[in-house]
Amino acid sequence: MDPSSEPLYAQVEPYDSGFLKVSDVHTIYYEQSGNPQGHAAVFLHGGPGAGTSPGNRRFFDPQFYRIVLFDQRGAGRSTPHACLEQNTTWDLVADIEKLREHLGIPEWQVFGGSWGSTLALAYSQEHPDKVTGLVLRGIFLLRKKEFDWFYEGGAAAIFPDAWEPFRDFIPEDERNCFVDAYNKRLTSSDPIVQVEAAKRWTMWEMMTAQLIQNNDNIKRGEDDEFSLAFARIENHYFVNKGFLPSDSFLLDNVDKIRHIKGFIVQGRYDVCCPMMSAWDLHKAWPEAEFKVVADAGHSANEVGIAAELRSATDKLRDLLRK
């Protein structure tokens, strides 16, 4: 992307960072940037397992927002790295609350894309009184049809070149469920098998995440440390169906957040989290503003999606100023 055309705010550096022990196993990394006296906004990263990056701060007006980023359990700078123990959706929901309380924040805006949208919905439905606004991108609802589309051959119709290395790592007699087959290898006692499986899993997602393939994304898939956390944690969540009680749980509980001002941003050609899920959420929650970006895939870094995300945080800023 040409920096001169980027629709986001200029990069800012954190004024505070630290580690918060959230269980006897896990410690999470967090940082704050922007305006220390501003309205708090928490960024929930994707994956799960992807971790945060400095560019995530740029969706928010740093003069207005107190921008909070954190790495979820096992991801990024949180420790222990790539750990699956005590790592569930509800552990992460509890961590968000622990972080809010630790930072002395009474309520905040919640921003999440891809898996971050899943976690944002789960957190907001659990703690609706703590959420001043929701910005969601690339909607993922942890339903069987979404897993089947991306991991069991649906998306392969569009990206057969990216699919075949992912598929061919698994013996033919185990290809009835790739999520299960990869789980066996990502939890193998052999670290070499773990790393190779992690890179295959991660590369499949990195090669399909944008309308036009992005070399920076693909390089992330080649990084052993990033891939191990990304693939192990993501697969762990998916093999456990996100630790949700039912396939339609997040849609069934939309009434709990109907009063919250919300924005749904979706790339029309999102292969990772196809638009059917954003559409279903829009139908269940018509009060939320729904934006379809006609020339984009999955990534928040695509120009049209980035512009709509900034527009959403700006609109919430303007409402809060009134």
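Here, residue 1 is the first one in the sequence, and each next residue gets the next number.
Val68 has its side chain within reach of Leu99: a pair of non-hydrogen atoms, C-beta onward, lies under 4.5 Å apart. Put simply, the side chain of Arg137 does not reach to within 4.5 Å of the side chain of Phe59, judged on heavy atoms. Within the 4.5 Å cutoff, side-chain heavy atoms of Asn35 are placed close to those of Gln37. Side chains of Lys145 and Asp247 form no contact here, defined as non-hydrogen atoms less than 4.5 Å apart. Arg73 has its side chain out of reach of Ser78: every pair of non-hydrogen atoms, C-beta onward, lies at least 4.5 Å apart. Between Leu316 and Tyr65 there is a side-chain heavy-atom pair separated by less than 4.5 Å. A 4.5 Å side-chain heavy-atom check between Arg57 and Pro62 finds every atom pair outside the cut-off. A 4.5 Å side-chain heavy-atom check between Asp318 and Arg321 finds at least one atom pair inside the cut-off.
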Practice problem: Please step through side-chain hydrogen bond (donor to acceptor under 3.5 Å, both in side chains) for the pair Tyr30 and Gln32, ending with a clear verdict. | Solution: CA-CA 7 Å; Tyr30 69 87; Gln32 301 187 79; 5.9 Å; no
Practice problem: Any chance you could lay out the side chain to side chain contact (heavy atoms under 4.5 Å, CB included) test for Leu92 and Asn87, step after step, and finish with the verdict? | Solution: CA-CA 7 Å; Leu92 301 186; Asn87 202 337; 4.1 Å; yes
Exercise. In sequence, state the C-alpha distance, the side-chain angles, and the governing distance for Glu152 and Val179, and then conclude on side chain to side chain contact (heavy atoms under 4.5 Å, CB included).
Key: CA-CA 8 Å; Glu152 305 301 338; Val179 172; 3.7 Å; yes
Self-check item: Derivation and outcome, salt bridge (Lys or Arg N to Asp or Glu O under 4.0 Å), residues Asp255 and Arg258
Solution: CA-CA 5 Å; Asp255 274 352; Arg258 203 171 295 283; 2.7 Å; yes
Quiz prompt | Pair Lys98-Glu101, salt bridge (Lys or Arg N to Asp or Glu O under 4.0 Å): steps then yes or no | solution = CA-CA 5 Å; Lys98 286 172 186 169; Glu101 291 169 357; over 6 Å; no
Self-check item: Full working for side chain to side chain contact (heavy atoms under 4.5 Å, CB included) between Glu222 and Ile218
Solution: CA-CA 7 Å; Glu222 295 167 351; Ile218 292 167; 4.1 Å; yes
Quiz item: Does the pair Asp24 and Gln86 meet the rule for a side-chain hydrogen bond (donor to acceptor under 3.5 Å, both in side chains), with working shown?
Solution: CA-CA 9 Å; Asp24 56 344; Gln86 295 180 19; 2.9 Å; yes
Quiz prompt | Criterion side chain to side chain contact (heavy atoms under 4.5 Å, CB included) on Glu146 and Phe150, from CA distance to verdict | solution = CA-CA 6 Å; Glu146 295 167 272; Phe150 194 60; over 6 Å; no
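Ile105 and Phe60 fall into different hydrophobic clusters, where Ile, Leu, Val, Met, Phe, Trp and Tyr residues are linked whenever their side-chain heavy atoms come under 4.5 Å apart, directly or through other members. No chain of hydrophobic side-chain contacts below 4.5 Å, direct or via other Ile, Leu, Val, Met, Phe, Trp or Tyr residues, connects Met207 to Ile170. If you chain together hydrophobic residues whose side chains sit under 4.5 Å apart, Phe70 and Leu136 fall into the same group. Using a 4.5 Å cut-off between side-chain heavy atoms of Ile, Leu, Val, Met, Phe, Trp and Tyr, with links allowed through other members, Leu251 and Leu119 fall into the same hydrophobic cluster. Using a 4.5 Å cut-off between side-chain heavy atoms of Ile, Leu, Val, Met, Phe, Trp and Tyr, with links allowed through other members, Val110 and Leu309 fall into different hydrophobic clusters.
With sequence neighbours left out, Asp148 forms a side-chain hydrogen bond (donor to acceptor under 3.5 Å, both in side chains) with Lys144. In this structure Tyr9 satisfies the ring-ring contact (aromatic ring centres under 6.0 Å, His included) test with no other residue, sequence neighbours excluded.
Asp224 has a carboxylate O that lies under 4.0 Å from a charged side-chain N of Lys199, or vice versa, which qualifies the two as a salt bridge.
Relative to the six-membered ring of Phe263, Lys261 meets both conditions, a distance below 6.0 Å and an angle of at most 45° to the axis.
Looking at His26, its side chain never comes within 3.5 Å of a backbone N or O of Gln72 through a donor-acceptor pair.
Under the ring pair (Phe, Tyr, Trp, His ring centres under 6.0 Å) rule, Trp201 has a single partner from Phe178, Phe230, Tyr151, which is Tyr151. With Tyr237 as the fixed residue, the ring pair (Phe, Tyr, Trp, His ring centres under 6.0 Å) test singles out one of Trp90, Phe147, Trp115: Trp115.
Summarising the geometry, atom CD belonging to Glu31 is positioned 10.5 Å from atom OH belonging to Tyr15; distances are rounded to the nearest 0.5 Å.
The aromatic rings of Trp204 and Trp163 sit perpendicular to each other, their planes meeting at more than 60°, with 30° as the lower class boundary.
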